[in-house]
Amino acid sequence: MSVTEAILLGALSTSEPGMSRTVRQLSDELGLASGTVRRVLHRLALAGLVVSTVHNPARWTATDRGRRVANEPVYRPFLRP
């Protein structure tokens, strides 16, 4: 997993289950370009670590599997308090 993927997964994993964020919210919160956030979210979705809603704009959340991965010791530094 790349650093950017770990950062995004960490940001989504620290949200309460059921809470989701848009690309714009993640981009603003993390200081990343929206195109970067979008590409990384799609890679994480292909891995089954995040899912999006069908609403416009799409809202993203970590899956249970994504939360477990984010809590592995190697990725814990990327979790936000």
Side-chain angles (χ1 to χ4, degrees):
M1 181 179 311
S2 73
V3 170
T4 306
E5 289 169 336
I7 290 170
L8 273 169
L9 183 59
L12 290 172
S13 294
T14 56
S15 301
E16 293 190 29
M19 184 179 164
S20 58
R21 292 189 185 105
T22 65
V23 168
R24 176 173 278 174
Q25 289 170 324
L26 288 164
S27 177
D28 291 345
E29 177 183 333
L30 302 172
L32 298 169
S34 59
T36 300
V37 170
R38 207 172 280 109
R39 280 190 304 278
V40 171
L41 286 170
H42 286 284
R43 285 196 306 258
L44 291 171
L46 287 173
L49 302 175
V50 300
V51 293
S52 71
T53 63
V54 293
H55 296 97
N56 191 11
R59 299 185 64 83
W60 294 85
T61 189
T63 62
D64 289 338
R65 179 175 178 236
R67 290 178 194 283
R68 283 192 306 273
V69 168
N71 279 302
E72 290 179 9
V74 68
Y75 298 118
R76 279 194 196 131
F78 299 102
L79 294 176
R80 294 178 160 261

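From Leu46, atom CG reaches atom CG of Leu41 across 11.0 Å, with rounding to the nearest 0.5 Å. Taking CG of Leu9 as the reference point, atom CD1 of Ile7 lies at 11.0 Å (rounded to 0.5 Å). We find the CZ-OG1 distance between Arg43 and Thr4 to be 7.5 Å, quoted to the nearest 0.5 Å. The distance from the CG atom of Leu49 to the CG atom of Leu12 is 10.5 Å, given to the nearest 0.5 Å. Considering OG of Ser2 and CG of Leu44, their distance stands at 7.5 Å, rounded to 0.5 Å. Note that NE2 of His42 and CH2 of Trp60 are 4.5 Å apart. Values are rounded to the nearest 0.5 Å.
Counting non-hydrogen atoms of neighbouring residues, nucleotides and ligands closer than 6.0 angstrom, the CZ atom of Arg76 exceeds 12 such neighbours.
Note on Val51: it does not cluster hydrophobically with Leu26, by side-chain heavy-atom contacts below 4.5 Å among ILVMFWY residues.
For Ala6 against Tyr75, the heavy-atom pair with the smallest separation is CB-CD2, 4.0 Å. The nearest pair of heavy atoms linking Ser20 to Thr61 is CB-CB, 4.1 Å.
A donor-acceptor pair under 3.5 Å is absent between the side-chain atoms of Ser52 and the main chain of Arg59, judged by distance alone. Panel note: side chain Arg21, backbone Glu29; no donor-acceptor pair is recorded below 3.5 Å. With hydrogens and angles disregarded, a donor-acceptor distance shorter than 3.5 Å links the side chain of Arg67 to the backbone of Ser13.
Remark: of the listed residues Val23, Thr22, Leu30, Val23 is the sole one forming a side-chain contact (heavy atoms from CB on, under 4.5 Å) with Val37.
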